[in-house]
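Worksheet for the structure shown next.
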Amino acid sequence: MDDRMLDTLNPEQRLAVTEPGGAALVLAGAGSGKTRVIAHRIAHLLSARHVSAHSVLAVTFTNKAAEEMRARVLDLLQKPALPFLWIGTFHAMCARLLRADVEALGGPYNRNFTILDADDSAGLVRRLLRDRGVSERNIQPRAVLSAISRAKTEGLSAEAFAEKARGHFFLTVAPVYLAYERQLADSNSMDFDDLLGVALRLLEERPEVRAKYQHQFQHILVDEYQDTNRIQYRLLRVLSEKWGNLFAVGDEDQSIYRWRGADIQNILDFQRDFRGAKVIKLERNYRSTRAILEAANHLVAHNTRRIGKNLWTERGDGGAVRVFAAPSDREEAAYVADSMLSLKARYAWRQMAVLYRTNAQSRTFEEACLNRRIPYQVVGGLKFYERKEVKDVLAYLRAGLNPQDRLAVARILNVPPRGLGATTVEKLAALAEERRTTLVEAIRAAAEEGLFPSRTCTALRGFLDILQGVGKRAAAGGPAAVTQWVLEATGYVAYLAEQGESGPDPEARIENVRELVSAMREFESREGGDLRLFLERQALASDQDELKDGPVDAVRLMTLHAAKGLEFPVVFLSGLEQDLCPHALSSQTEEGLEEERRLCYVGMTRAMDRLTLTWARQRYVFGVVQDRLPSPFLGEIPGGRVEEVHGVERAPMSLLEAAALLDAAEAPKPAPQKVLRVGARIHHKKYGFGIVLALEGSGESQKVTVSFNRFGRKKLLASLAGLDLV
DNA sequence: TTTGGCACAATTTTT
DNA sequence: TTGTGCCAAA
Ligand SMILES: Nc1ncnc2c1ncn2[C@@H]1O[C@H](COP(=O)(O)OP(=O)(O)OP(=O)(O)O)[C@@H](O)[C@H]1O
């Protein structure tokens, strides 16, 4: 059984998989089977070496990769489940460890701690800046947040940071960082960086906890080691100390998260960091055709900070990498979509992917797909759990479970509105401060002591009842039932419905709340009814597609970052323009530029059979046309490996495909010009030319909002204004 | 306190 | 082009 498993590996891979122990680094290029080696090694350890699943920790980069890894191992071992095997991201692993053992630190956290998402953190920083009278104009909350995050990954506490701080920016950040930390501690909450940092502190400071995990993890395996940060490195160090069995795989050419604190030095220094570490190289690429591989290799060879490697393939040439220069971004998308339509004869939708540098680029491609009825799925981007309505509902659950969670309480205190406005909230916050207690305690005190007008006190009591109800019901029922109750008790759905006028599309928002409930049901059927666990999963979940059921046959649209670790037979790498890829904000420094080049390399090496690089001579940015230049990266790929193309990619057309084309041709064309619609150009007697921005109502009472070229925005009654369509 | 309107500013990448 | 925050009016 084990032998058969090893048969599907080449000699170098087999060496890695069966490596007896100690520290080892598999350093290898794209598509050389690193991830495969990890999966096989886990299976090998469990079967041939009789290691208990409980003793193995495998770290992946995303939750999705973790799931896939688990599935692969199960498949290799022909097992239905391996519940004790730890596979997950660093963050998930730390969250799990902290849930079990944070209290050993003796405060300030308890096991019900909340995990803050980026949105919560940003909101808090914004508020703290405002409290200090710092305008967002001068200092961007985002910059503050990333300074704090950077400090945390360097292991710099707020106090240490404040001591070291020099210069206007850092001197502004320092007190905010201090206040931020205090707030989180008081709220029994951790941000993403804290998960790692506090876990590390726990392991370093509590010998009994350290001993427990050091003893448990006889084997630690890490995928994508090139994108680990300093804290993660230290975690691995501590955890692997007893057994010394640390098995890492990575590719320095695919390090693309420096902006998030990843330190490429980790992989470059592996041998120095872990004495006696063995380095294993894999040089055969199993993924891409030769043309694709060589084009990518040539590109990344322009980087200087790399170890360098040979990478070869036995696959055929496979035709040159195509480069398409489109007149505009719309035509770029049209070209890509038409090509996919014609490639459908040979590939399933799901085998094709469109990659881009920024999320904003997805839109044009979505429209192009929509027009042609190409099923597509945007991976990442706008996350389901980040929607306002979803976050509101979750905040009730968070607050019910962790009453110290001040951010959650503050978020929902007056949502839906119950007459507790800004002044009341401020007074409550002051009261909490004065009595050195939590916000919820302050609310309770205020209600009991009648510190506010009676109407306000009644509202406060009502609010407390709901939080209590959540706490009580969470113990008995599953997340879905608790949520259902919250919705009823708060009238939240009705509130959304009323929001009709101002809020965008109330129905979609109500639908999102429903989807949340069904996601919970689904969770319950898989993992049981633990609300705490659900909230943790949700906080760490990245893409929304974890919600959706099963793989659908749809074209994938995603950023280059999101494409890491994946592979597709057909890849379109779009927007290869100067200042976009490489992005203007990263091209300033040589290091930044090299990372952009790696990003491009990652994108190219996702392709198995066909790779097309596209760029547009003109692109809409904020609705304004901009002239664009091709990316310098295009010039770094040798001419022999690329070919300029002009027409749509053709594959032999099947009857089915011809039908699809015809169908698409008949598909919804833009509405006829002569109808008053959003985007229509109009002329007004007095105001001259303008563009319709919005329409409300219909018939006689229809109102039109128009942006006039010379008079700005006006709202008019369509029936009286005498508008001419032009 | 709430609502709606309006100006304005923003886009890198994400656990 | 979208979203957000601020301000004025009810
Ligand atoms: N020995 C092998 N025989 C057949 N196919 C292989 C072998 N090794 C790897 N492959 C295939 O090559 C492809 C790439 O493997 P894998 O994703 O593990 O590579 P990787 O090194 O992790 O890639 P990347 O770093 O680019 O994400 C997969 O489709 C895998 O099945």
Side-chain angles (χ1 to χ4, degrees), chain A residues 59-66 88-95 115-119 121-123 126 130 135-137 140-142 145-146 149 153 191-196 224 227-229 231-232 256-262 355-364 379-383 386 388 414-425 453 455-456 459 498-499 501-504 539-543 558-564 575 579-587 592 595-596 598-599 602-603 619-624 678-679 691 693-694 705 707 712-715:
Chain A
V59 185
T60 59
F61 198 72
T62 63
N63 297 299
K64 209 170 117 224
T89 62
F90 276 104
H91 293 87
M93 180 224 10
C94 289
I115 301 172
L116 255 40
D117 66 24
D119 214 46
S121 302
R126 200 167 287 136
R130 248 205 313 268
S135 159
E136 292 197 10
R137 255 162 239 259
Q140 294 177 330
R142 246 207 357 261
L145 216 46
S146 93
S149 171
T153 47
D191 65 18
F192 280 122
D193 297 311
D194 288 335
L195 290 175
L196 307 179
E224 311 278 13
D227 275 323
T228 51
N229 66 31
I231 298 281
Q232 292 166 342
I256 55 176
Y257 281 93
R258 196 172 69 107
W259 53 273
R260 204 174 78 185
L355 310 183
Y356 37 78
R357 177 67 237 268
T358 67
N359 283 308
Q361 290 166 254
S362 73
R363 218 199 156 91
T364 6
V379 178
L382 21 58
K383 287 166 204 162
E386 280 173 13
K388 273 194 272 308
N414 201 31
V415 177
R418 38 173 87 83
L420 303 169
T423 23
T424 312
V425 175
R455 211 153 40 108
T456 310
E498 282 165 23
Q499 289 276 294
E501 292 301 303
S502 64
L540 298 173
S542 52
D543 0 57
M558 69 187 94
T559 64
L560 288 167
H561 284 89
K564 174 156 112 158
D579 294 341
L580 184 59
C581 186
H583 199 279
L585 296 176
S586 314
S587 315
E595 178 146 314
E596 295 287 309
R598 291 195 290 269
L599 201 45
V602 168
R619 179 175 296 279
Y620 272 90
V621 182
F622 313 135
V624 182
V678 174
I691 289 185
L693 294 180
T705 311
S707 169
R713 191 178 296 199
K714 296 270 184 264
K715 196 165 181 174

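Side chains are part of it too, since the values below use all heavy atoms of this structure and drop only hydrogens, waters and symmetry mates. Here is the naming used below: chain letters follow the sequence lines, and residue numbers restart at 1 for every chain. On a predicted model such as this, the values are computed, not experimentally measured, just so you know.
Atom CD of Q361(A) and atom P of dA10(B) are 20 Å apart (whole Å). The distance between atom CG of D579(A) and atom P of dT12(B), rounded to the nearest whole Å, is 12 Å. We find that CG of L145(A) is positioned 16 Å from P of dT14(B), with the value rounded to whole Å. Remark: C1' of dT14(B) and CD1 of I115(A) are 16 Å apart, rounded to the nearest angstrom. If you take NZ of K64(A) and P of dT14(B), they are 13 Å apart, rounded to a whole angstrom. What separates CG of D194(A) from C1' of dT15(B) is a distance of 13 Å, to the nearest Å. Between E596(A) atom CD and dT12(B) atom C1' there is a gap of 8 Å when expressed in whole angstrom units. N414(A) has its CG atom 9 Å from the C1' atom of dT2(B), to the nearest Å.
Using a 4.5 Å heavy-atom cutoff, the side chains of T89(A) and V59(A) are not in contact. Inter-residue side-chain proximity for T358(A) and L580(A) is flagged as met; some heavy-atom pair is nearer than 4.5 Å. In this structure, L196(A) and N229(A) have side chains that are in contact, with non-hydrogen atoms separated by less than 4.5 Å. The shortest side-chain heavy-atom distance between V602(A) and L560(A) does not fall under the 4.5 Å cut-off.
Looking at H583(A), its side chain never comes within 3.5 Å of a backbone N or O of E596(A) through a donor-acceptor pair. At distances below 3.5 Å, at least one donor-acceptor pair connects side-chain atoms of T153(A) with backbone N or O atoms of S149(A). The backbone N or O of M558(A) lies less than 3.5 Å from a partner atom in the side chain of Y356(A), making a donor-acceptor pair.
Note on K564(A): nothing from the nucleic acid sits closer than 4.0 angstrom, heavy atoms only. Looking at heavy-atom distances under 4.0 Å, Y620(A) makes no contact with the nucleic acid at all. If you check every strand for non-hydrogen atoms under 4.0 Å, D193(A) touches nothing. No contact: R598(A) has no heavy atom under 4.0 Å from any strand.
The phosphate of dG5(C) has OP1 or OP2 within less than 4.0 Å of a side-chain N or O from R126(A). OP1 or OP2 of dT11(B) lies within a sub-4.0 Å distance of a side-chain N or O belonging to R142(A). Phosphate proximity of dT13(B) to N359(A): present, with a side-chain N or O under 4.0 Å from OP1 or OP2. Look at T559(A) and you'll find a side-chain N or O under 4.0 angstrom from OP1 or OP2 of dT14(B). In this structure, R130(A) does not reach the dG5(C) phosphate: none of its side-chain N or O atoms is under 4.0 Å from OP1 or OP2. Here N229(A) does not reach the OP1 or OP2 of dT15(B): none of its side-chain N or O atoms lies under 4.0 Å away.
For a distance-only test at 3.5 Å, the side chain of H583(A) fails to qualify as a donor-acceptor partner of the base of dT12(B). With hydrogens and angles left out, the side chain of S586(A) and the base of dT12(B) share a donor-acceptor pair within 3.5 Å.
The nucleotide whose nearest atom lies closest to any side-chain atom of R357(A) is, among dT15(B), dT14(B), dT12(B), dT12(B). Listed nucleotides: dT14(B), dT1(C), dT3(B). Nearest to the side chain of P417(A): dT3(B). Distance from the side chain of T62(A) is smallest for dT15(B) among the nucleotides dT11(B), dT15(B), dT14(B). Out of dT1(B), dT1(C), dT14(B), the shortest distance to the side chain of T424(A) is found at dT1(B).
The aromatic ring of W259(A) sits over the base of dT13(B), with ring centres less than 5.5 Å apart and planes inclined by under 30°.
The pair R260(A)-D227(A) fails the salt-bridge criterion, with no side-chain N (NZ, NE, NH1 or NH2) lying under 4.0 Å from an Asp/Glu carboxylate O.
Between dT4(C) and dT13(B), the distance separating the two P atoms is 15 Å to the nearest Å. For dC6(C) and dT11(B), the C1' atoms lie 22 Å apart once the distance is rounded to whole Å.
Donor-acceptor pairing under 3.5 Å is lacking for the side chains of S121(A) and D191(A).
For the pair L420(A) and L599(A), both in contact range of DNA chain B, the more 5′-proximal nearest nucleotide belongs to L420(A).
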Checklist line | Nucleotide pairing, DNA chain C (Watson-Crick or G-U, distances under 3.5 Å), in dot-bracket with [ ] and | | finding: .|||||||||

